[in-house]
Amino acid sequence: MNKKIRVRFAPSPTGALHIGGLRTALYNYLFAKKYNGDFILRIEDTDIKRNINTSINYILKTLKWCKIKYNEGFHKKGKYCPYIQSKRISIYKKYLKKLINNNFAYYSFETEQELNIYKKKYKNFIYNALTRNKLKNSLTLNSTLTNKYIKNKKYVIRLKTPKNTNIIFNDKVYGKITINTNEINDKILFRSDLTPTYHLASVIDDHIMKISHIIRGKEWISSTPIHILIYNYFNWNLPNFVHLPLILNDLGGKISKRLNYNDSVPIYPINSKHFNIKNSYKKKGFLPNALINIIALLGWAPNYNKEIYSLNQIIELFDFNNISKKDVHLNYKKFCWINKQYINNSNSHFIDNILLKFLKKKIKNKKIKTIYLKKIIKLTKNRIFLINDIWNVSYYFFINPIKFNIPNSIYLLIKKNYKKILFFFKKIILFFKKKKKKKEIEIFLNKISNIFYLKLLRISLVGKLIGINMLYILSLINNKIIINRINYFLKQIIIK
RNA sequence: GGCCCAUUAGUCUAUUGGUUAGGACGUCAGAUUUUCAUUCUGGAAAGAGGGGUUCAAUUCCCCUAUGGGCUACCA
């Protein structure tokens, strides 16, 4: 096999790109990268009714954010322009004519309503070699009638599938798959609205564009015989078929472009007439590198006891043999864990800047100095899983607690003298220098022998028993604010 | 309903005839953190069921069960 590796990602612009689509794109990209091949982006918009024009842009943005680069295809110059099927219809028509002339395709004249009646009447109605002799089509009607239908443009064009023939192909993931032609319809290649369908367009394009490996979701396995027939009818060399296991949603079904399911969360946020995607992996605070790692491991595992791989490692190790045949369920907590590994192990300057940007946006108070924010980030970032979590672990540096959550265990022990204790703390805190000396605070904290008194102080400052070491809380929050918080606590909380 | 495909712990996966069935997330316990989280250590937890083939089966074959895909003038 010395043919050049050429693969394509061919989404239809009918909605948001979800994690399954992105994985297909990624695996194509990885395979091309590994063998120095071409990775092509082709837009399959043959079904005009379902197209959503903003989704092309959305797909491009998502791929860009994930750094999945294609070197040929939509919006790029290339040998096989254009890379959008709606602008290639004349090509498909040309090939379609050849199929008809060679008697590999024929005109069929039933209306949709008529077909629905058949489907209702006969349970397993299939339009193919077993039934087409009894139906209205160019094979059964005489030429005058046929021509009349064609003239009035009341037809579809169907692929002529042979009778009772086993189509066998060797899938790179699933191995040998056999499907009998009696089970498949004479697929419609050309609709009554005179547009080609996916099956025709994609096979022709894959051949013209010299695609060597078709890497796509497993849901296409049952259509593969149709594609193989078309290749054979044209006497074209077959590409390699690589079908990927499906990614299942929380209901156990195929993830769809409809955004009803939690797991179908798209990658990139977008706000347009057609979508309003707030809940995306990007928006949640996943890093693109981590997401690539996560998605690569969805149905593929190299034979190492390891979870974290750089893109280069993934490219090097990527192999169809390591792709699982089993459909995968998403494990969101593991996603978060992988993201955390990236937050902790990546270049810290890079991550800190992302966190800084996030916090600045969240706080909106321009008076807060960058150095201060950086200190807080340094102290809190080892506690987060997603970028957005940084707020949850640092908010108490920026906003005063309003509600106070005092666990019973502490409540019982301090209820007698909590006022005294806090007054005492206030006195000491007032004596801290403006630029607080750490040592001073350390001595103070060490002197508090009763752990519950410390907890009381924490609750009054943070609201809950969470957060980083008191030493840093006391030294980073300004004395005045600390006193105010204690005062507010004493006002709000009446412990009897 | 028909056809195709899959089936190792809650989830992802390793081991493709001989292993105390390995790892990860999660979970549970302990340590660190005078809190919480992180981190560290340890534990529990799996070959869907039934038949074959074989000296030996998680691994090969068959049946059943379960799950999924397809069965569109959608891709």
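So that the names make sense, note that chain A is the first sequence line, chain B the second, and so on, each numbered from 1.
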Original post:
Which residue, Leu26(A), Val328(A), Ile314(A), Leu244(A), forms the side chain to side chain contact (heavy atoms under 4.5 Å, CB included) with Trp300(A)?
Top reply: Ile314(A)
**OP:** Identify whether NZ of Lys or CZ of Arg in Arg158(A) sits under 6.0 Å from the centre of the six-membered ring of Tyr127(A) and within 45° of that ring's axis.
**Re:** yes
**OP:** Calculate the interatomic distance between Leu248(A) atom CG and rA6(B) atom P; express it in whole Å.
**Re:** 15 Å
Original post:
With distance as the sole criterion, do the side chain of Ser222(A) and the base of rC4(B) form a donor-acceptor contact below 3.5 Å?
Top reply: no
Original post:
So what does Leu454(A) hit on the nucleic acid, given a heavy-atom distance under 4.0 Å: a base, only sugar-phosphate, or nothing?
Top reply: base
Subject >> Partners passing side chain to side chain contact (heavy atoms under 4.5 Å, CB included) against Ile228(A) (at least two apart in sequence or in another chain) >> reply: Ile167(A), Phe169(A), Thr224(A), Asn232(A), Leu238(A), Phe241(A)
Original post:
Of all the choices, rC12(B), rA75(B), rC4(B), which nucleotide is nearest to the side chain of Ile221(A) once you look at every atom?
Top reply: rC4(B)
Original post:
Between Lys119(A) and rC73(B), is there a side-chain N or O to OP1/OP2 distance below 4.0 Å?
Top reply: yes
Original post:
Between rG18(B) and rA56(B), how far is it from one P atom to the other, in whole Å?
Top reply: 14 Å
Original post:
Choosing from rU13(B), rA75(B), rG69(B), which nucleotide comes nearest the side chain of Leu246(A)?
Top reply: rG69(B)
Can you list, pair by pair, the side-chain donor-acceptor contacts under 3.5 Å of residues 384-393 of chain A, counting residues two or more places apart and other chains?
from: Asn388(A); atom 1: ND2; to: Lys283(A); atom 2: O; distance (Å): 2.5
from: Asp389(A); atom 1: OD2; to: Phe385(A); atom 2: N; distance (Å): 3.1
from: Asp389(A); atom 1: OD2; to: Leu386(A); atom 2: N; distance (Å): 2.8

Original post:
How would you label the contact of Lys340(A) with the nucleic acid (heavy atoms, under 4.0 Å): base, sugar-phosphate, or nothing?
Top reply: sugar-phosphate
Original post:
Under 6.0 Å from the six-membered ring centre of Phe286(A) and within 45° of its axis: does the NZ or CZ of Lys284(A) meet both?
Top reply: no
Subject >> 5'-most by nearest nucleotide on RNA chain B - Asn344(A) or Arg158(A) >> reply: Asn344(A)
**OP:** Go through the structure and list residues passing side chain to side chain donor-acceptor pair (under 3.5 Å) with Asn446(A), not counting sequence neighbours.
**Re:** none
Subject >> Phosphate-side-chain proximity, Thr46(A) and rA75(B), N/O vs OP1/OP2 below 4.0 Å >> reply: yes
Original post:
Does Ser223(A) make a side-chain N or O approach to OP1 or OP2 of rC70(B) shorter than 4.0 Å?
Top reply: no
Subject >> Thr197(A), nearest nucleotide to its side chain (from rA75(B), rU34(B), rA14(B)) >> reply: rA75(B)
Original post:
Base, sugar-phosphate, or nothing for Thr195(A), non-hydrogen atoms under 4.0 angstrom?
Top reply: nothing
**OP:** Rounded off to whole Å, could you give me the CG-to-C1' distance for the Leu130(A) and rC3(B) pair?
**Re:** 14 Å
**OP:** Would you mind telling me which of rC12(B), rA75(B), rC36(B) lies closest to the side-chain atoms of Ile466(A)?
**Re:** rC36(B)
Original post:
Under a 3.5 Å cut-off for both distances, is rU32(B) Watson-Crick or wobble paired, and to whom?
Top reply: none
Original post:
NA contact type, Ile468(A), heavy-atom cut-off 4.0 Å: base, sugar-phosphate, or nothing?
Top reply: base
Original post:
Base, sugar-phosphate, or nothing for Lys154(A), non-hydrogen atoms under 4.0 angstrom?
Top reply: nothing
Original post:
Looking at rC5(B), rU71(B), rA75(B), which one has an atom nearest to any side-chain atom of Asn185(A)?
Top reply: rU71(B)
Original post:
So what does Val328(A) hit on the nucleic acid, given a heavy-atom distance under 4.0 Å: a base, only sugar-phosphate, or nothing?
Top reply: sugar-phosphate
Original post:
P atom, rA14(B) versus rG23(B): distance in rounded Å?
Top reply: 15 Å
Original post:
How would nucleotides 20-28 of chain B be written as a contact map, 5' to 3', with B for base contact, S for sugar-phosphate-only contact and - for no contact, using protein heavy atoms under 4.0 Å?
Top reply: --BSBBSS-
Original post:
How far does the C1' atom of rC36(B) sit from the matching atom of rU20(B), given to the nearest Å?
Top reply: 39 Å
Original post:
Does the distance from a Lys or Arg side-chain N to an Asp or Glu carboxylate O, for Arg88(A) and Asp205(A), drop under 4.0 Å?
Top reply: yes
Original post:
How close or far is atom P of rU34(B) from atom CG of Leu465(A), stated in whole angstroms?
Top reply: 14 Å
Which atom pairs, donor and acceptor, lie under 3.5 Å between side-chain atoms of residues 376-383 of chain A and protein residues at least two apart or in another chain?
from: Thr380(A); atom 1: OG1; to: Ile376(A); atom 2: O; distance (Å): 2.7
from: Lys381(A); atom 1: NZ; to: Asp352(A); atom 2: OD1; distance (Å): 2.9
from: Arg383(A); atom 1: NH2; to: Gly467(A); atom 2: O; distance (Å): 3.4

Original post:
Of Gly299(A) and Lys447(A), whose nearest nucleotide on RNA chain B comes first from the 5' end?
Top reply: Gly299(A)
Subject >> rC25(B) versus rC60(B) - spacing of their P atoms, nearest Å >> reply: 29 Å
**OP:** Using modelled atom types only, decide if a donor and an acceptor are shared between the side chain of Asn400(A) and the backbone of Arg485(A) within a distance under 3.5 Å.
**Re:** no
Subject >> Distance in angstrom units between Ile188(A) CD1 and rA75(B) P, rounded >> reply: 10 Å
Original post:
Separation of Asp327(A) atom CG from rC70(B) atom P, in whole Å?
Top reply: 11 Å
Subject >> Nearest-angstrom distance, C1' atom, rU15(B) to rG47(B) >> reply: 11 Å
Original post:
Rounded to whole angstroms, how far apart are NE2 on His243(A) and P on rG69(B)?
Top reply: 15 Å
**OP:** Have a look at Ser202(A) and say if it touches a base, only the backbone sugar-phosphate, or nothing, with a 4.0 Å heavy-atom cut-off.
**Re:** nothing
Original post:
Quick one: is rA37(B) close enough that its OP1 or OP2 comes under 4.0 Å of any side-chain N or O from Asn382(A)?
Top reply: no
Original post:
How far, in whole Å, is rU59(B) from rG50(B) if one measures between their P atoms?
Top reply: 12 Å
Original post:
For residues 20-30 of chain A, which residue pairs qualify under side chain to side chain donor-acceptor pair (under 3.5 Å), counting only residues two or more places apart or in two chains?
Top reply: none
Original post:
If you look at every strand shown and take non-hydrogen atoms under 4.0 Å, does Asp47(A) touch a base, only sugar-phosphate, or nothing?
Top reply: sugar-phosphate
**OP:** Using a heavy-atom cut-off of under 4.0 Å over every strand shown, decide if Ile448(A) touches base, sugar-phosphate, or nothing.
**Re:** base
Original post:
Under 4.0 angstrom, heavy atoms only, what part of the nucleic acid is Glu44(A) near: base, sugar-phosphate, or nothing?
Top reply: sugar-phosphate
Original post:
Using 4.0 Å as the upper bound for N to carboxylate O, is an ion pair formed by Arg42(A) and Glu44(A)?
Top reply: yes
**OP:** Respond yes when some side-chain nitrogen or oxygen of Asn469(A) is under 4.0 Å from OP1 or OP2 of rU34(B), and no when none is.
**Re:** yes
**OP:** Report yes if at least one side-chain N or O of Arg383(A) is closer than 4.0 Å to OP1 or OP2 of rU39(B); otherwise report no.
**Re:** no
Original post:
At under 4.0 Å between heavy atoms, what does Lys326(A) touch on the DNA or RNA strands: base, sugar-phosphate, or nothing?
Top reply: sugar-phosphate
**OP:** For nucleotides rG10(B) and rA45(B), find the distance between their C1' atoms and express it as a whole number of Å.
**Re:** 10 Å
**OP:** Please measure how far the C1' atom in rA57(B) lies from the corresponding atom in rU19(B), and state the result in whole Å.
**Re:** 13 Å
Original post:
With sugar-phosphate meaning primed atoms plus P, OP1 and OP2, does Glu114(A) contact a base, only sugar-phosphate, or nothing at under 4.0 Å between heavy atoms?
Top reply: nothing
**OP:** Give the rounded distance in Å between these two atoms: CD of Glu219(A) and P of rG67(B).
**Re:** 20 Å
Original post:
Is Ile338(A) touching bases, backbone alone, or none of the nucleic acid, heavy atoms closer than 4.0 Å?
Top reply: nothing
Original post:
Rounded to the nearest Å, what distance is computed from the CZ atom of residue Arg458(A) to the P atom of nucleotide rA37(B)?
Top reply: 12 Å
